[in-house]
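One structure is given below, encoded as structure tokens.
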Number of protein chains: 2
Amino acid sequence: MPNEQETERPRTRIQQRNRDLILEAALEVFSTHGFRGATLDQIAIEAGLSKPNLLYYFASKEAIHNELLSGLMDTWLDPMRAMDSNGEPIDEILAYVDRKLEMSRMYPRESRLFANEIVQGAPRILDALKGELKQLVDEKVAVIRDWTSQGKIASVHPYHLIFSIWSLTQHYADFDVQVRAVLGEEEPFDAAPVYLREVFLKILTP
Amino acid sequence: MPNEQETERPRTRIQQRNRDLILEAALEVFSTHGFRGATLDQIAIEAGLSKPNLLYYFASKEAIHNELLSGLMDTWLDPMRAMDSNGEPIDEILAYVDRKLEMSRMYPRESRLFANEIVQGAPRILDALKGELKQLVDEKVAVIRDWTSQGKIASVHPYHLIFSIWSLTQHYADFDVQVRAVLGEEEPFDAAPVYLREVFLKILTP
DNA sequence: CCAGTATTTGACCAGTCGGTCAAAGTAAGG
DNA sequence: CCTTACTTTGACCGACTGGTCAAATACTGG
């Protein structure tokens, strides 16, 4: 049984392929219906496998969801980790905004998966938010405070600055339907990068 | 049968009270689990009524959800409607931001109800987004364009300006759990109004 | 080619889902 | 007080839920 030891990677090519198929399908379904709204049957159909076959590779519905979330958490925080405390402050933050927006454009389903989880109270990743996430944010906040005190960027509340970046970039993935409904034909991601760069430049310029 | 004609208001006090109880309970449940993740049994328990009794007042699960959404849509757009094209441009926009943020603080469940619906593809309110919402936004965008061309506010993409306002204000309701996890003890809504006012002042100042 | 292992699935299970219905209970007006 | 309309509910329905299991099938190394 391949799912007995969750920590080690699958061995065979079949296991690798099917786990990938399942996670891909699960991402699709979980991101559009939330955890409780998603069903194993849906995921099975989407993956082109039988339901018992899903449960041969993963112990439970929750196990699939957990795998997705924890696997994603790392990737998701990469753009923030890449902020360089030795770089030029404004450039570093603007580059972070760019990376984050690009992430939303490339991986909207991943963004919505997190959005669903957090909007619904984050019952399954609250620990990661209070731990891993908070730790990284605290670290970067210290860097931003440093930049502020050196007069390199305007004096803004560092935590809320970060919330702004998350909020504005993820909005284009999470609320994509609404944005498109309002814009009509116009493509959201055409003007968004330019607009956001402009906005954060104004916010950060001392 | 009180739910036969959906357009007219309930007559008796009992009907009024029970419909309110149900909608209140449904708001609680739908906003934390999304449409598919919510169950009638949960809503019934939350409302202190039996499940068949729910369905005596509302035709179906979807009818309850629809009633909530359409009832909310109006209230939700009020802060934007209140923008006065004859007022002082920057004041008007900043006041709109304030009202919107206050809305998120006072009615976080309503905000999450919409967030759930839209993140999940807005299958039940897409028409309202493309119609009512788009119309109102288009109207206000025209006003903003006017202000811009008069040099009263900085030249920013009006649609994306509005998306910013929605995004930043609703973030504090929809992602409340995450914001609190990162901030620790600090109360989000203490600094948020000040920060947002500061941000939009910078964005709008010509 | 064959034995042993990895993979797949049909049949099935108990619990829950949204929803129905007839019957019982309650309120109100004359 | 009694009729009539409104309200409530226990019992129930078929469909679906996450999950199990034994048997069947495919794959692999020797």
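FYI, side chains are in, hydrogens and waters are out, and symmetry mates aren't considered; it's all heavy atoms of this structure. First the proteins, then the strands, lettered A, B, ... as listed; each starts at 1.
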- Item | 5'-most by nearest nucleotide on DNA chain C - G48(A) or E62(B) | G48(A)
- Item | Residue closer to the 5' end of DNA chain C, P52(A) versus R36(A) (nearest nucleotide) | P52(A)
Indicate whether OP1 or OP2 belonging to [N] is found under 4.0 Å from a side-chain N or O atom of [X].
X: Y56(B); N: dT20(C); value: no
X: N18(B); N: dT8(D); value: yes
X: Q15(A); N: dT7(C); value: yes

Take atom [atom1] of [X] and atom [atom2] of [N], then tell me their distance rounded to the nearest Å.
X: L21(B); N: dT7(D); atom1: CG; atom2: P; answer: 14 Å
X: D41(A); N: dC12(C); atom1: CG; atom2: C1'; answer: 14 Å
X: Q16(A); N: dA6(C); atom1: CD; atom2: P; answer: 17 Å
X: I43(A); N: dG19(D); atom1: CD1; atom2: P; answer: 10 Å

- Message: Please pick, from dC17(C), dT9(D), dG19(D), the nucleotide with the shortest atom-to-atom distance to any side-chain atom of N53(B).
- Response: dT9(D)
- R81(B) bridged to D74(B) by N-O distance under 4.0 Å: yes
- NA contact type, A44(B), heavy-atom cut-off 4.0 Å: base, sugar-phosphate, or nothing? nothing
- Message: When you measure only distances, ignoring hydrogens and angles, does the side chain of K51(A) come within 3.5 Å of the base of dG18(D) through a donor and an acceptor?
- Response: yes
